[in-house]
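Right, one structure below, let's go through it.
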Amino acid sequence: MSHLVKNYNRKKISFVKGKGSYLYTANGIKYLDFVQGIAVNCLGHAHPRLIETIKKQSKKLWHVSNAFQIPEGEKLAKKLCQKTFADSVMFQNSGAEATEAAIKVARRYFYSIGKPNKNRILSVKNSFHGRTIAAIFASGSKKMTEGFGPKVPGFDHFLFGDHKLLKKKITKYTAAIMVEPIMGEGGINVIPDFCLKELRKLCDKKKILLILDEVQCGISRTGDFFAFEQSKVKPDIVPIAKGIGGGFPIGAVLMNKKVAASMTPGTHGSTFGGNPLAMAVGNTVMDIVSTKKFLNNVKKFSKYFLLNLNNLKEKYPKIIKEIRGRGFLIGIQLYKDQSRFIKKLMDNKLLTIRAANQVIRILPPLNVKKKEIDQALKIINKVCAELK
Ligand SMILES: *Cc1c(COP(=O)(O)O)cnc(C)c1O
């Protein structure tokens, strides 16, 4: 009998080791892992440089309190700011903590300029910003909030793509709009660049902040370091997590100096956030995934993958409704429920994961090899043919 709480519907399989794009069961069966811990292991399993980093740092220093200077964190924050819009970084341990901290920063900013009533956060209905009490109410999903009342006040919602409703929902109490540039759990809905631009303009006009949740779509997953970069928009606050630790739990909030100024000593903290062990790993991940060459490879191979997935859509027009996404944040939307398809992919040794709206999410490691993409395409083709 399992003594774990049954808050997950786990598949009846476990793994004993991983290497690159592959996972291995105890009896040596090999799976192509295109889940990668849900966009977490951006460099695949057991990357030699990450192993080396953790070995080295673990012999030196694991954890000290944020009461002291942490040079590894200074270094990672500097790298993140040099590569992005941000001026300052606040480290956390997870995505939900990062989105919550982002909300705190937005509220604290308006408090600090004498407008404490400007504190409401406007976000997309049925989006995903994590599972803490505030984050579930920010997501505005009935399924996630059911049984967890009372409702946390301060959150408003609009439907994805409903620009009229969005404008109507902005009031004098609104502090920020928070959206995922590409909805992950929600079914790989991409906000087009021109909409992100309009969103920025709208925020400027209404003098409110723009929070872009890059927890899933960020850290080079789309072929740019951040998914919003192609739009040239500059957000005010960006929570990140998943990929930045390459498998080690790290979260962070990136922000511009305007809002960072409000976060004075004592306003926020985290016992574990930004400890030397986490920061050492984050630095190595950042060094690898933020180079032009690495990003170009993500662009090149993901383009190849998407092109061929679209070919499969043409070949099986009654099964595949749409191929969505950007870079290696890919969704295959089916006409039918996706569970059976995912099960069949797994029977053929390809691991994928669901998202809302009958979408199968495909999240290869960012350093995936072409022949591994070909292997996945072959399996997807086979399952389509079987289900035809
Ligand atoms: C995964 C995710 C989160 C929550 O991250 P956790 O580490 O699970 O708390 C928040 N926002 C988005 C967009 C995510 O995909």
Side-chain angles (χ1 to χ4, degrees), residues 5 7-8 10 35-42 90-106 121-141 143-145 148 152 155 157 160 176-191 196 199 210-222 225-228 235 237-254 270 272-274 278 281-282 285 324-331 352-357 359-363 366:
V5 172
N7 58 324
Y8 297 104
R10 297 175 193 270
V35 179
Q36 293 292 339
I38 315 193
V40 166
N41 311 315
C42 56
M90 200 161 70
F91 287 111
Q92 313 289 137
N93 311 285
S94 69
E97 274 185 314
T99 56
E100 282 229 5
I103 293 165
K104 285 181 73 176
V105 172
I121 309 295
L122 180 53
S123 56
V124 174
K125 181 120 194 100
N126 295 323
S127 55
F128 189 84
H129 300 290
R131 294 284 198 159
T132 55
I133 285 279
I136 56 175
F137 285 98
S139 306
S141 135
K143 209 173 114 196
M144 275 200 285
T145 53
F148 298 115
V152 174
F155 296 100
H157 299 97
F160 184 85
I177 297 175
M178 176 165 76
V179 295
E180 301 163 74
I182 302 175
M183 282 172 81
E185 310 294 314
I188 319 295
N189 296 314
V190 182
I191 301 183
L196 279 179
L199 205 55
L210 179 59
I211 304 173
L212 295 179
D213 182 346
E214 290 261 351
V215 170
Q216 188 158 162
C217 59
I219 323 300
S220 305
R221 182 137 296 267
T222 59
F225 186 70
F226 280 137
F228 66 76
I237 305 170
V238 171
I240 63 170
K242 294 196 168 87
I244 188 64
F248 200 95
I250 305 179
V253 194
L254 279 63
S270 163
F272 293 115
V281 178
V285 171
R324 320 224 267 233
R326 198 186 268 173
F328 284 131
L329 182 51
I330 299 173
T352 59
I353 193 153
R354 53 175 293 123
N357 297 320
V359 169
I360 298 165
R361 228 177 331 166
I362 303 190
L363 304 158
L366 304 182

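None of the values given here were measured: they were computed from a predicted structure. The basis for the numbers below is simple: all heavy atoms, side chains too, and nothing from hydrogens, waters or symmetry mates. We count ligands from 1, going down the list as the structure has it; atoms in each ligand are counted the same way.
At least one side-chain heavy atom of Leu363 sits under 4.5 Å from a side-chain heavy atom of Leu329. With a 4.5 Å cut-off on side-chain heavy atoms, Glu185 and Glu180 do not count as touching. Between Phe226 and Ile240, some side-chain heavy-atom pair lies under the 4.5 Å cut-off.
Side-chain atoms of Ser123 come within 3.5 Å of backbone atoms of Ala138 as a donor-acceptor pair (strictly under, hydrogens ignored).
At a heavy-atom cutoff of 4.0 Å, ligand 1 is surrounded by Ser94, Gly95, Ala96, Phe128, His129, Gly130, Glu180, Asp213, Val215, Gln216, Lys242.
Contacts of Val35 classified as side-chain contact (heavy atoms from CB on, under 4.5 Å), with partners at least two apart in sequence or in another chain: Asp33, Ile38, Leu351, Ile353.
Contact between Pro181 and Asp213 at its shortest, heavy atoms only, is CD-O, 3.3 Å.
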